[in-house]
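Before we start, here is the structure in question, set down as structure tokens.
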Amino acid sequence: MRQCKEQQFDASAHVSAFLGTFDRVAGNANFHGLKPLPQMQVIGDISNELLELMFPGRCGRDQAQMSLEEILTLQLNNVCSLLKSQLFLAYRYDKPSLDECDANDLADQTINKLCTILPQLRISLKMDARAAFEGDPAARNLREVILSYPCIKTLTIHRVAHELFLMEVPLIPRMMNEYAHKETGIDIHPGATIGNSFFIDHGTGTVIGETTIIGNNVKLYQGVTLGALSFPKDACGALIRGTKRHPTLEDNVTIYSNATILGDVTIGRNAVIGSNVWIKESVPMDTMVVIQEPEITFRDLRMRRS
């Protein structure tokens, strides 16, 4: 039997060609030489700790010997400690000239602002959970909704990420929502504004764009897209960012599965949008929009076997 000669792989022969790809042609796609960046694994840990902060006991930790006040204190310290470390990195990345003390001060200021908002966010999340329970006859109880429904996990992460987005925190809000997207299949940009008592039934494949505005008591089903119809460009051909380009849903709107609503349009109060509808214009309040029911043909397969 022929003996195989083991050869040591030499990467140096290939590195020179690889180095040639690290140019500026495609913009700043290179991270080499930058200060340390926030890490997605830690962002995921923060997101899960936020769930435990908003709904203590959800993760099943044995905390029977602790009072609720002690649990909240411990959990808030956990969240803030993890988040501060990532905020520090994000601020240093975003402004390379920022020294460590200034970045640390910015991180502290952001943490303090967020902590003043968290109680109101918890109230909103309780209303979301109640909307899910009342909107889904398959739900046995409210705790089941909080433990297992993907929309609650997504909205817990989104509502915090949205506040950080409004504070103009770099990187972290988008990373938080991408973590939620990976976990639940629901893709919500942190810039989207979402009212109270929001429910996404099932949720998989739902996409909500950056400048979307959603009112109170809105219900979506799986696969709904609230997207942009077009992307305006400036005189140089570059995308114009920050303009309103996604839909506004007023209060009490229901949108069924796989409907697509594009552009800066308004879906009026109490409107109902049927499955698979493609909408590019505003819909008045108290209106139902559906696709005409297709003709269905039945064939008797027994005729084939005779």
Side-chain angles (χ1 to χ4, degrees), residues 24-29 38 43 87 90-91 93-95 106 110 113-114 117 121 124 151 154-155 157-182 185-196 198 200 203 205-220 223-255 258-271 273 277-285 287 289:
R24 299 296 178 183
V25 173
N28 296 324
I43 298 300
L87 287 167
Y91 285 129
Y93 159 80
D94 190 52
K95 298 177 180 177
L106 273 175
T110 302
K113 287 179 186 177
L114 181 63
I117 301 168
L121 296 187
S124 293
C151 68
T154 293
L155 287 173
I157 297 169
H158 171 78
R159 291 195 183 280
V160 174
H162 179 67
E163 297 301 329
L164 296 175
F165 180 86
L166 294 178
M167 296 178 203
E168 299 184 343
V169 172
L171 297 178
I172 291 175
R174 199 67 193 270
M175 293 174 74
M176 289 177 68
N177 278 110
E178 190 51 43
Y179 174 78
H181 181 199
K182 178 176 73 74
I186 300 170
D187 185 1
I188 310 177
H189 191 285
T193 301
I194 298 177
N196 291 322
F198 181 55
I200 309 175
T206 299
V207 177
I208 301 175
E210 176 188 12
T211 61
T212 301
I213 298 174
I214 296 176
N216 299 321
N217 305 308
V218 169
K219 182 177 182 180
L220 309 183
V224 168
T225 296
L226 305 177
L229 180 61
S230 61
F231 302 101
K233 297 182 179 181
D234 61 22
C236 298
L239 289 178
I240 299 174
R241 304 177 189 276
T243 59
K244 180 76 167 72
R245 60 189 186 279
H246 297 97
T248 294
L249 311 184
E250 294 184 346
D251 296 348
N252 308 316
V253 166
T254 299
I255 304 179
N258 299 313
T260 298
I261 303 174
L262 301 178
D264 182 16
V265 299
T266 298
I267 309 300
R269 284 175 60 91
N270 308 315
I273 309 299
V277 169
W278 179 283
I279 293 178
K280 298 185 291 183
E281 58 189 45
S282 293
V283 173
M285 62 184 294
T287 301
V289 181

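Since we're looking at a predicted model, the values are computed, not measured.
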message: Which residues pass the side-chain hydrogen bond (donor to acceptor under 3.5 Å, both in side chains) test with Tyr91, not counting sequence neighbours?
response: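 With sequence neighbours excluded, Tyr91 shows a side-chain hydrogen bond (donor to acceptor under 3.5 Å, both in side chains) to Thr110, given in chain and number order.
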
message: Quick one, Ile273 and Val224 - any side-chain contact, counting heavy atoms below 4.5 Å?
response: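 The answer is no; the side chains never approach within 4.5 Å.
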
Backbone of Thr266 reached by a side-chain donor or acceptor of Ser282 within 3.5 Å: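 It does hold such a pair.
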
field: Donor-acceptor contact present, side-chain Thr211 to main-chain His246, <3.5 Å
entry: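 Yes; at least one donor-acceptor contact below 3.5 Å.
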
field: Results of salt bridge (Lys or Arg N to Asp or Glu O under 4.0 Å) for Glu210 - residues two or more places apart only
entry: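 Per chain and number, Glu210 pairs via salt bridge (Lys or Arg N to Asp or Glu O under 4.0 Å) with Arg245.
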
field: Distance-minimising heavy-atom pair for Ile157 and Ala180
entry: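 Closest approach of Ile157 to Ala180, heavy atoms only: CD1-CB, 3.8 Å.
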
- prompt: Can you list the residues that meet the side-chain contact (heavy atoms from CB on, under 4.5 Å) rule with Pro284, with sequence neighbours excluded?
  reply: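 In terms of side-chain contact (heavy atoms from CB on, under 4.5 Å), with neighbours along the sequence ignored, Pro284 is linked to Thr287.
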
task: Quick one: list whatever passes side-chain hydrogen bond (donor to acceptor under 3.5 Å, both in side chains) with Glu250, sequence neighbours left out.
output: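 Partners of Glu250 under the side-chain hydrogen bond (donor to acceptor under 3.5 Å, both in side chains) test: none.
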
Spatial distance of atom CG (Leu87) from atom CD1 (Ile172) [nearest 0.5 Å]: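 If I round to the nearest 0.5 Å, the distance is 4.0 Å.
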
field: Summary of salt bridge (charged side-chain N to carboxylate O under 4.0 Å, His left out) pairs that have at least one residue in residues 258-271, sequence neighbours excluded
entry: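 Applying salt bridge (charged side-chain N to carboxylate O under 4.0 Å, His left out) to every pair that reaches into residues 258-271, excluding sequence neighbours, yields Lys244-Asp264, Asp251-Arg269.
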
message: Could you work out, with side-chain hydrogen bond (donor to acceptor under 3.5 Å, both in side chains) as the rule, every residue matching Thr254, not counting sequence neighbours?
response: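 With neighbours one apart ignored, the set is empty.
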
message: Restricting to side-chain contact (heavy atoms from CB on, under 4.5 Å), what partner residues turn up for Asp94, sequence neighbours left out?
response: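 Per chain and number, Asp94 pairs via side-chain contact (heavy atoms from CB on, under 4.5 Å) with Pro170.
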
- request: Grab the two heavy atoms, one from Gly209 and one from Ala192, that are nearest each other, plus how far apart they are.
  value: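 Result for this residue pair: O-CB, 3.5 Å.
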
query: Does a side-chain heavy-atom distance below 4.5 Å link Val283 with Ile261?
result: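 Contact flag for Val283/Ile261 side chains = no.
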
- request: Output all residues satisfying ring-ring contact (aromatic ring centres under 6.0 Å, His included) with His162, sequence neighbours left out; order by chain, then residue number.
  value: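 By the ring-ring contact (aromatic ring centres under 6.0 Å, His included) rule, His162 matches His158.
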
- prompt: What pairs with Val207 under side-chain contact (heavy atoms from CB on, under 4.5 Å), at least two apart in sequence or on another chain?
  reply: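 Testing Val207 for side-chain contact (heavy atoms from CB on, under 4.5 Å), a comparison that skips the adjacent residues, returns Asp187, Thr225.
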
task: Please name all residues satisfying side-chain contact (heavy atoms from CB on, under 4.5 Å) with Ala161, sequence neighbours left out, ordered by chain then number.
output: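 So Ala161 forms a side-chain contact (heavy atoms from CB on, under 4.5 Å) with Pro173, Met176, Asn177, Pro190.
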
query: Are Ile267 and Val289 close enough, and set up right, to give a side chain to side chain contact (heavy atoms under 4.5 Å, CB included), and what steps lead you there?
result: CA-CA 10 Å; Ile267 309 300; Val289 181; over 6 Å; no

- prompt: Between Ile117 and Met167, does a side chain to side chain contact (heavy atoms under 4.5 Å, CB included) hold up when you go through it step by step?
  reply: CA-CA 12 Å; Ile117 301 168; Met167 296 178 203; 3.9 Å; yes

field: CG on Leu171 to OH on Tyr93, rounded to 0.5 Å
entry: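 Output value for this atom pair is 5.5 Å.
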
- request: State, with a plain yes or no, whether a side-chain heavy atom of Ile194 is found less than 4.5 Å away from one of Ile188.
  value: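 Result yes, sub-4.5 Å side-chain heavy-atom pair found.
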
query: Can you tell me how far the CG atom of Leu262 sits from the CG atom of Leu229, to the nearest 0.5 Å?
result: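 Spacing of CG (Leu262) from CG (Leu229) equals 5.5 Å.
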
message: Just to verify, which of His181, Arg174, Met175 counts as forming a side chain to side chain contact (heavy atoms under 4.5 Å, CB included) with Glu178?
response: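 Only one of His181, Arg174, Met175 forms a side chain to side chain contact (heavy atoms under 4.5 Å, CB included) with Glu178, namely His181.
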
message: Distance check, rounded to the nearest 0.5 Å: Leu226 atom CG versus Leu220 atom CG?
response: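 CG of Leu220 is found 6.0 Å from CG of Leu226.
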
- request: Could you give me the CA-CA distance, side-chain angles and deciding distance for Leu249 and Ile255, then say whether side chain to side chain contact (heavy atoms under 4.5 Å, CB included) is met?
  value: CA-CA 10 Å; Leu249 311 184; Ile255 304 179; 3.7 Å; yes

- request: For Thr154, enumerate each residue passing the side-chain hydrogen bond (donor to acceptor under 3.5 Å, both in side chains) test, keeping only those at least two apart in sequence or located in another chain.
  value: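 Only Thr184 meet the side-chain hydrogen bond (donor to acceptor under 3.5 Å, both in side chains) criterion with Thr154.
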
query: Looking at CG of Asn217 and CG of Asn270, how far apart are the two atoms once the value is rounded to the nearest 0.5 Å?
result: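 One gets 9.5 Å once the value is rounded to the nearest 0.5 Å.
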
field: Results of ring-ring contact (aromatic ring centres under 6.0 Å, His included) for Phe165 - residues two or more places apart only
entry: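 Result, ring-ring contact (aromatic ring centres under 6.0 Å, His included) vs Phe165: His189.
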
